[in-house]
Amino acid sequence: MIVRTRFAPSPTGYLHIGGVRTALFCWLFARKHGGKFILRIDDTDQQRNVEEAIAPILHGLRWLGIDWDEGPEIGGDHAPYYQSQRCDKYQAAVNKLLSCNYAYRDYARTEEIQAERDAAVKEKRTFTYSRNWMAETDEDIKRFESEGRQCVIRLKMPREGKLIIDDLIRGKITFNWADEQDHVIQRADGSFIYHLANVVDDEDYKISHVIRAEEHLSNTPRQIFIIQSLGYNLPAYAHLPFVAEPGSKTKLSKRKLEKYLKNKDFAKLVEHGKSIANRIGLKTTDDNFNPVIVDFYEQVGYLPEAIVNYIALVGWALDDKSEFFLMNDLIEKFSLEGVTKGAASFDPQKLFAFEEKHFLKLTIDKKIKLCTQFLEKAKIFPSAYDGILDKVIEAAGDRIKVAGDILNFSDFFVSDGALEFDEAIYNKRIINQPNSKILLKEFYDLLTQQDQFDKTSLENLMQEFIESKLIKANDIIHALRIAITGKGVGLGMFETLEILGKERVLERIKKFFEQH
RNA sequence: GGCCCCGUCGUCUAGUGGUUAGGACACGGCCCUUUCAAGGCCGCGGCACGGGUUCGAGUCCCGUCGGGGUCACCA
């Protein structure tokens, strides 16, 4: 069998983290089995600009390295890949269903159906439509229409027997046909409902494995009914557990940002992102800046491979020890057997840990490239300070976990009189340490005479200084750090001095004394 | 409420009848230390509950409880 999987987002304007997880699993399964991965746009009820709304979705998938063999922008043998352009096929399917008596015209008014539904709820039983307004003959149609009624097309579902779905992840699942409803497949305005379109497309595209989130499990029976009625091939099903909220089992949702912000770890992720966003002049609204949306990560400089690695592990595991995976490892190792059944909650801390690991593995050239992009977005141009960016990155080591973190070290790339000083730390280390300025001045004098400006020589110089003054390194280093970086935290002191170089260090200390 | 799914440390998970229940993230402590990171070492912490089956159950069966999904002329 040729494996063909598909991911079918609706044009919402953003790529949900749970959505990519589904896309990734579909993609991995196809790649692993040498099959095809198809992207289809579920825009049966198009009320907005579809192209505009799918752009972020396509972009996000590409950013993560999830490419499609057929679909929007690239076409394919089964084009078009937009449901809105396939109505003739859906109409043909509906006609066939109607002619075989697997579907019927229904003239019930919304209130009439609702009344029956309410009654069922009240009696605590499964709702079953009376079919009182089902039109089976031309006379029925004439009669209902003379009453000013409009019709929808409903499935004529079986009312007895069982359906057993063999799910690749969950095993056998039994449904009673009697619990199913006569679902609408074509609306009064002639447009088609997802379930019908979905089944027709899957058949047309020759989808072999329907891999989708668990929320679709309960509407699988009606889809199978359509498949069987139309004589289509039954695809294999695999219902994935969904990605849940941090610390909960409820489905993760874009709209609950405010709630998630109460989670300390989630809030931290957002805060960290915002600090980067602010420095690159990115406006952060809840709509565009939300860790539930994949775009968030690209904006602040996360690595796509880290995101992929993390989400692959939300609901899938290879064994009891492997956790670090690159895309190619995943293709090789992925299997539906490794997919777990229970909902897996989104863990911001673990995601961040993967980012850290992946960033650390990057070559210096790659880091330079990524960090440069963020400096430039912040209107900082490292090229003005020739050759120090690589030294800063090297010295920063694990301190840079996300490309945007380079902005924590932007003080290396501003002119020597333009440092911003952290007031709190200034008060703590300078104002409250009266001796610090005197010591700093003395050390400054020593530096002016220091020719060897490498970190080892400087460390020796410092050592001699503190021994001669009978002080501790603490007594001078903090003041020195503030004078030359404006901050209380940063790289190793002597590395900082070496990278800045004698001229800039002296200039900065001089300016510091002038300004303070 | 009906139907369906799920239930191992806080979180992600390994586990397919015999394990001192393993790992990762997080957390706590110690070491290192000029700040912040990182690193090293140690530690905390779990089979939802109750019945069976079995010599033996996290693992199989039943029930209970808990969580979730779904019940649209949304996808």
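We name chains A, B, ... by the order of the sequence lines, and we start the count at 1 in each one.
Base contact: A:Gly490 has a heavy atom under 4.0 Å from a base atom. Among the heavy atoms of the strands lying under 4.0 Å from A:Gly492 is at least one base atom, whether or not backbone atoms are also near. Across all strands, A:Val121 comes closer than 4.0 Å to no nucleic acid atom at all (heavy-atom distances). Across all strands shown, A:His195 has heavy atoms under 4.0 Å from base atoms, whether or not it also approaches the sugar-phosphate. Using a 4.0 Å heavy-atom distance criterion, A:Glu123 is classed as making no nucleic acid contact. Using a 4.0 Å heavy-atom distance criterion, A:Lys122 is classed as making no nucleic acid contact. At the heavy-atom level, A:Phe346 lies nowhere under 4.0 Å from the strands shown. In this structure, A:Lys251 reaches the sugar-phosphate backbone alone: every heavy-atom distance under 4.0 Å involves primed, P, OP1 or OP2 atoms, never a base.
Between A:Lys264 and B:rG10 there is no side-chain polar atom (N or O) within less than 4.0 angstrom of OP1 or OP2. In terms of phosphate contacts, A:Arg170 brings no side-chain nitrogen or oxygen within less than 4.0 Å of OP1 or OP2 of B:rG69. Between A:Lys249 and B:rC12, a side-chain N or O to OP1/OP2 separation shorter than 4.0 Å is present. Using a 4.0 Å cut-off, no side-chain N or O of A:Ser218 falls inside it from OP1 or OP2 of B:rC71. One finds no side-chain N or O of A:Thr126 lying less than 4.0 angstrom from the OP1 or OP2 phosphate oxygen of B:rC3. Between A:Thr174 and B:rC4 there is no side-chain polar atom (N or O) within less than 4.0 angstrom of OP1 or OP2. For A:Arg222, no side-chain nitrogen or oxygen approaches OP1 or OP2 of B:rC71 to under 4.0 Å. Under 4.0 angstrom from either OP1 or OP2 of B:rU34 there lies no side-chain N or O belonging to A:Arg429.
Going from the C1' atom of B:rG1 to that of B:rG22 covers 42 Å, rounded to whole Å. For the P atom pair drawn from B:rC32 and B:rU19, the interatomic distance equals 42 Å after rounding to whole Å. Rounded to the nearest Å, the gap between the C1' atom of B:rC30 and that of B:rU53 is 49 Å. Of the P atoms belonging to B:rC5 and B:rG63, the separation is 13 Å, rounded to the nearest Å. A distance of about 15 Å separates the P atoms of B:rU11 and B:rC49, rounded to the whole Å. Comparing B:rG18 with B:rG58, their P atoms are spaced 10 Å from each other, to the whole Å. Remark: the separation of the P atoms in B:rU8 and B:rG46 is 14 Å, to the nearest Å. B:rC47 and B:rU16 have their C1' atoms separated by 15 Å, with the value rounded to a whole Å.
Regarding A:Asn219, its CG atom lies at a distance of 7 Å from the P atom of B:rC71, rounded to whole Å. One interatomic measurement links the two molecules: OH of A:Tyr237 to C1' of B:rC4, which rounds to 16 Å at whole-angstrom precision. Distance CD (A:Glu356) to C1' (B:rC25): 11 Å, rounded to an integer number of Å. In this structure, A:Asp319 atom CG and B:rG23 atom C1' are separated by 9 Å, rounded to whole Å. The CG-P distance, from A:Asn309 to B:rA24, rounds to 15 Å in whole Å. Atom CG in A:Asp182 sits about 14 Å away from atom C1' in B:rC71, given to the nearest Å. Here the C1' atom of nucleotide B:rU35 and the CG atom of A:Leu491 are 10 Å apart, to the nearest Å. The nearest whole Å value for the distance from the CZ atom in A:Arg149 to the P atom in B:rC73 is 16 Å.
With B:rG68, B:rA75, B:rC25 as the candidates, the nucleotide lying closest to the side chain of A:Lys357 is B:rC25. Closest approach to the A:Leu217 side chain among B:rG69, B:rC74, B:rC4 is made by B:rC4 (side chain taken as heavy atoms from C-beta onward). Here the side chain of A:Thr340 is nearest to one of B:rC5, B:rU34, B:rU13, namely B:rU13. For A:Ala317, counting side-chain heavy atoms from C-beta on, the closest listed nucleotide (B:rA14, B:rG68, B:rU35) is B:rA14. For A:Arg154, the listed nucleotide lying nearest its side chain is B:rC73; candidates were B:rC36, B:rC73, B:rU34. For A:Met493, the side-chain atoms get nearest to B:rU34 when compared with the rest of B:rU34, B:rA75, B:rC12. The nucleotide whose nearest atom lies closest to any side-chain atom of A:Gln349 is, among B:rU34, B:rA26, B:rC73, B:rA26. Closest contact between the side chain of A:Phe175 and the listed nucleotides B:rC36, B:rU34, B:rC3 involves B:rC3. The side chain of A:Glu215 lies closest to B:rG69 when the candidates are B:rG69, B:rU34, B:rA37. With B:rC12, B:rA75, B:rU34 as the choices, the nucleotide that has an atom nearest any side-chain atom of A:Gln83 turns out to be B:rA75.
Pairing for B:rG63 is with B:rC49, a Watson-Crick or G-U wobble pair whose two hydrogen-bonding atom distances lie under 3.5 Å. Nucleotide B:rC74 forms no Watson-Crick or G-U wobble pair with any nucleotide shown, as no partner meets the under 3.5 Å limit on both distances. In this structure, B:rC36 forms no base pair with any nucleotide, since neither Watson-Crick nor G-U wobble geometry is met with both distances under 3.5 Å. If you check B:rA26 for Watson-Crick or wobble pairing at under 3.5 angstrom, you find it has no partner at all. Within the shown strands, nothing qualifies as a pairing partner of B:rC44 under the Watson-Crick or G-U definition with both distances less than 3.5 Å.
Proximity of the aromatic rings of A:Phe334 and A:Phe25 is defined here by a centroid distance below 6.0 angstrom, and this criterion is met. You'll find the ring centres of A:Phe421 and A:Tyr426 outside the 6.0 Å limit.
Taking a centre distance below 5.5 Å and an interplanar angle below 30 degrees as the stacking criterion, A:His216 stacks against the six-membered base ring of B:rA75.
Between A:Glu245 and A:Lys259 there is a salt bridge, since a side-chain N of the basic residue sits under 4.0 Å from a carboxylate O of the acidic one. Between A:Lys401 and A:Glu356 there is a salt bridge, since at least one side-chain N of the basic residue sits less than 4.0 Å from a carboxylate O of the acidic one. A salt bridge does not link A:Asp43 to A:Arg86: none of the charged side-chain nitrogens sits closer than 4.0 Å to a carboxylate oxygen.
Applying the 6.0 Å contact sphere to CD of A:Glu147 captures more than 12 heavy atoms from other residues, nucleotides or ligands. The number of heavy-atom neighbours closer than 6.0 Å to NZ of A:Lys254, taken from other residues, nucleotides and ligands shown, is above 12.
For A:Tyr81, the ring pair (Phe, Tyr, Trp, His ring centres under 6.0 Å) partners are A:Tyr205, not counting sequence neighbours.
Residue side chain A:Lys350 does not reach the base of B:rA26 through any donor-acceptor N/O pair under 3.5 Å, judged by distance alone.
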- [ ] Begin from the C-alpha positions of A:Lys361 and A:Glu305 and carry the test salt bridge (Lys or Arg N to Asp or Glu O under 4.0 Å) through to its verdict.
- [x] CA-CA 11 Å; A:Lys361 290 230 172 199; A:Glu305 57 266 41; over 6 Å; no
Exercise answer: donor-acceptor pairs, residues 472-484 of chain A side-chain atoms, under 3.5 Å, sequence neighbours excluded:
from	atom 1	to	atom 2	distance (Å)
A:Asn474	OD1	A:His478	NE2	3.4
A:Asp475	OD2	A:Lys472	N	2.9
A:Arg481	NH1	A:Leu491	O	2.9
A:Arg481	NH2	A:Leu491	O	3.3

